[in-house]
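Working notes, beginning with the structure itself.
Predicted, not measured: the structure shown is a model, and the values here were computed from it. All values below were derived from every heavy atom in this structure, side-chain atoms included, with hydrogens, water molecules and symmetry-related copies excluded. Note that ligands are numbered from 1 as they come in the structure, with each ligand's atoms numbered from 1 the same way.
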Amino acid sequence: MSAADRRNDAEIRAEWARVRGRLRAEFGEATYRSWLKPLTLKDVDGGCVSVSVPTRFVRDWVAQNYADRITAVWNQLNTDVRRIEVVVDATRPSEDRTLPKTGAAVKSAVEAEDAPPPAPAEDRNAFSGPLDPRFTFKNFVVGKPNEFAHAAARRVAEADKVSFNPLFLYGGVGLGKTHLMHAIAWHLRMREPNRRVIYLSAEKFMYQFIRALRFKDTMAFKEQFRSVDVLMIDDVQFISGKESTQEEFFHTFNTLVDQNRQVIISADKSPSDLEGMEERLRSRLGWGLVADIHPTTYELRLGILDSKSEQLGAAIPRKVMEFLAHRITSNVRELEGALNRIVAHATLVGRDISLEMTQEVLHDLLRATDRRVTIEEIQKRVAEHYNIRLSDMHSARRARAVARPRQVAMYLAKQLTTRSLPEIGRKFGGRDHTTVMHAVKKVEELRSLDASFGDDVELLRRMLEN
Ligand code: ADP
Ligand code: MG
């Protein structure tokens with residue numbers, strides 16, 4: 001074992017001790033002694049930690065009931081840890097075991113110690129998808145664009161009674177819908193372990209349904225879904241145009257709502273905009289509370305960067321944060337990706353994070369966002385710069401004072417957007433593509449002949465890129 005390995009090993013053991021301490025505080029002494037104390041740390045391999053237990057029964061029980069929480073707690077200490085594996089170690093000596101050998105005896109030991117009765121293992125989460133340990137309310141940064149959706153999600157997670165049904169969350173990709181749904185599920189799992197919660201994507205729902213049809217097992221399928229307390233279906237737009245799945249979903253949905261069970265749905269569009277969905281389903285989806293998540297604002301992006309860099313334990317200069325918040329505007333997933341990349345780069349090559357380094361590392365990403373400048377913006381900036389009217393960008397006037405700026409705008413449109421020459425021509429009062437081509441050539445020529453003209457164009461380009 002090398003020195004590095006040894007140090008690593010010591011660190012892992014220290015983390016494990018802390019994880020156990022937290023679990024003990026969280027679950028109480030009885031549960032801890034029965035189920036968590038017998039766990040022995042075996043191995044850490046990449047993001048997977050394996051722990052061993054004395055019997056298969058304990059393994060199944062721990063895997064079903066505690067593994068997610070152990071992973072989540074550990075992940076908070078060390079974000080590398082993603083998964084926990086529970087294995088049986090038959091060779092273990094029995095002295096460190098507080099548990100009798102057989103399942104029945106184990107059960108009564110727990111009852112005697114007055115542990116909260118966990119739900120029967122068979123009907124817990126049979127269909128439920130895995131939950132991401134990072135997607136908790138604690139890690140969700142609230143700002144204007146998502147405050148309503150966040151408040152609604154919290155309300156549903158905390159309420160004793162069903163107040164609005166369904167809760168329908170919608171918004172563009174990467175804006176936090178899945179995060180909020182997992183947060184609700186985590187919250188319920190921790191606070192009300194006896195409520196049966198199923199979270200799954202609409203795709204998985206469909207898959208399970210088709211499988212049930214194939215194996216002629218639709219009764220069991222229906223039973224599973226219709227006996228839950230909280231059903232969450234993510235990305236419901238997936239079943240657009242899939243008629244029989246919609247039909248089944250509609251019945252499941254109605255049954256649950258009629259029984260006053262909570263249903264939570266997410267989609268990329270509002271119920272009324274969901275094309276390919278049956279009318280009765282669309283209207284039913286909009287009956288409860290519909291909450292949308294808007295695109296991020298600069299303030300929210302900055303807040304998210306603050307929170308994520310703290311989680312990563314990375315010191316990032318203010319200027320870099322502001323730069324990222326300005327430039328990576330598409331969605332939170334991309335913003336996170338950009339941050340992870342610069343932090344990973346800094347760690348790997350042992351460099352400090354600076355603005356130059358950020359620009360270098362995110363080169364491709366930034367170039368892609370550069371292209372998101374619109375022709376309208378270019379026309380507006382250029383008109384302002386040369387002090388001409390915006391309408392002159394489209395007019396037929398050929399006086400040099402307006403024709404030259406118009407050519408500059410066409411040139412920049414070609415450089416900074418992905419529009420084709422004919423498309424650009426159309427935006428400039430329906431000009432022909434050869435006119436645009438001529439403008440591009442002309443500006444290039446002038447740039448090399450006239451330095452101050454070149455500086456002007458360069459300045460405009462920089463302003464538009466930022
Ligand atoms: P969606 O399901 O809407 O496509 P996700 O919930 O998967 O989006 O979010 C994409 C990523 O962005 C996730 O890693 C998530 O944690 C993160 N994220 C989104 N919104 C926020 C927020 N308000 N605070 C913190 N992280 C967020
Ligand atoms: Mg999602």
Side-chain angles (χ1 to χ4, degrees), residues 47 68 71-72 75-76 79-82 128-157 166-187 198-207 231-240 264-271 273-274 290-314 316 321 324-325 327-344 365:
D68 285 341
T71 315
N75 184 268
Q76 278 174 3
T79 48
D80 289 343
V81 174
R82 290 289 164 80
S128 199
L131 297 176
D132 191 314
R134 295 162 309 161
F135 292 2
T136 59
F137 281 123
K138 200 171 137 268
N139 289 345
F140 191 81
V141 181
V142 185
K144 271 259 164 322
N146 60 25
E147 66 183 357
F148 184 59
H150 170 261
R154 265 216 177 267
R155 170 70 73 86
V156 166
L167 168 61
F168 190 98
L169 297 170
Y170 78 93
V173 57
L175 297 180
K177 301 181 295 293
T178 299
H179 189 135
L180 281 179
M181 288 182 115
H182 286 205
I184 297 172
W186 278 123
H187 187 96
I198 288 188
Y199 162 88
L200 80 173
S201 63
E203 185 178 2
K204 203 120 171 243
F205 179 89
M206 186 174 97
Y207 169 79
L231 176 66
M232 302 193 216
I233 304 279
D234 205 351
D235 288 323
V236 81
Q237 73 276 0
F238 184 85
I239 62 169
S240 293
I264 304 162
I265 309 283
S266 87
D268 63 351
K269 294 190 196 67
S270 75
D273 289 336
L274 281 173
V290 177
D292 57 344
I293 307 186
H294 299 274
T296 58
T297 56
Y298 175 73
E299 286 72 30
L300 179 59
R301 290 194 292 276
L302 208 52
I304 289 171
L305 287 169
D306 265 334
S307 151
K308 306 265 173 200
S309 57
E310 200 187 307
Q311 280 170 45
L312 291 170
I316 298 173
M321 302 270 243
L324 292 175
R327 295 295 297 274
I328 318 279
T329 57
S330 48
N331 66 51
V332 184
R333 191 173 295 133
E334 275 199 19
L335 192 65
E336 256 188 326
L339 185 70
N340 287 337
R341 256 166 75 179
I342 58 171
V343 171
L365 200 69

Just need the protein heavy atom nearest to atom 11 (C) of ligand 1, so name the residue and atom and give the distance. E336 OE1, 3.3 Å
Work out whether the distance between some heavy atom of G174 and some atom of ligand 1 is less than 4.0 Å. yes
Is the Mg ion (ligand 2) less than 2.8 Å from an N/O/S atom of T178, whether that atom is in the backbone or a side chain? yes
Atom 7 (O) of ligand 1 - nearest protein heavy atom and its distance: R333 NH2, 2.9 Å
Among non-hydrogen protein atoms, atom 25 (C) of ligand 1 lies closest to N139 O, 3.3 Å
Could you tell me, atom by atom, which parts of ligand 1 come under 4.0 Å of a heavy atom of F135? 13 (C), 14 (O), 15 (C), 16 (O)
Heavy-atom count check: over 12 atoms from other residues, nucleotides or ligands less than 6.0 Å from Y298 OH? yes
Within ligand 1, which atoms have a heavy atom of G172 less than 4.0 Å away? 3 (O)
Spacing of L131 atom CG and T136 atom OG1 [to the nearest 0.5 Å]: 11.5 Å
Atom CZ of R155 with >12 non-hydrogen neighbours under 6.0 angstrom: no
Using the ring of each side chain (for Trp, its six-membered ring), is Y199 parallel, tilted or perpendicular to H182, with breaks at 30° and 60°? perpendicular
Answer side chain, backbone, both or neither: which part of I304 comes under 4.0 Å from ligand 1, heavy atoms only. side chain
Look only at the side chain of N340 and the backbone of G337, and say whether a donor-acceptor pair between them is shorter than 3.5 Å. no
Between R333 and the options T178, L175, V173, the side-chain contact (heavy atoms from CB on, under 4.5 Å) test singles out V173
Checking side-chain contact (heavy atoms from CB on, under 4.5 Å) for the pair L324/R301: CA distance, chi angles, key distance, verdict? CA-CA 8 Å; L324 292 175; R301 290 194 292 276; over 6 Å; no
Please determine if V173 has a nitrogen or oxygen closer than 3.5 Å to a nitrogen or oxygen of ligand 1. no
In the protein, which heavy atom is nearest to atom 16 (O) of ligand 1, and how far is it? H179 ND1, 2.7 Å
Taking heavy atoms and a distance under 4.0 Å, where does N146 meet ligand 1: side chain, backbone, both or neither? side chain
Tell me which protein heavy atom sits closest to atom 21 (C) of ligand 1, plus the residue, atom name and distance to 0.1 Å. F140 CE1, 3.8 Å
Return a yes/no value for V142: is any of its N or O atoms, backbone included, closer than 3.5 angstrom to an N or O of ligand 1? no
Does a side-chain N-to-carboxylate-O contact under 4.0 Å join K308 and E336? yes
For the residue pair S201 / D235, report whether a side-chain donor-acceptor contact shorter than 3.5 Å exists. no
I'd like to know whether ligand 1 has K308 as a neighbour, heavy-atom separation below 4.0 Å. yes
Tell me whether ligand 1 is touched by S307 - counting only heavy atoms on the residue side and a distance under 4.0 Å. no
Among all protein non-hydrogen atoms, which one is nearest to atom 2 (O) of ligand 1, and what is the separation to 0.1 Å? T178 OG1, 2.8 Å
With side chains defined as the heavy atoms from C-beta onward, is the minimum distance between I233 and L200 less than 4.5 Å? yes
Any chance you could measure S309, atom OG, to I342, atom CD1, to the nearest 0.5 Å? 9.0 Å
Please state which protein non-hydrogen atom is closest to atom 23 (N) of ligand 1 and give its distance, to 0.1 Å? V141 O, 2.8 Å
shortest atom 27 (C) of ligand 1-to-protein heavy-atom contact is with V332 CG1, 3.5 Å
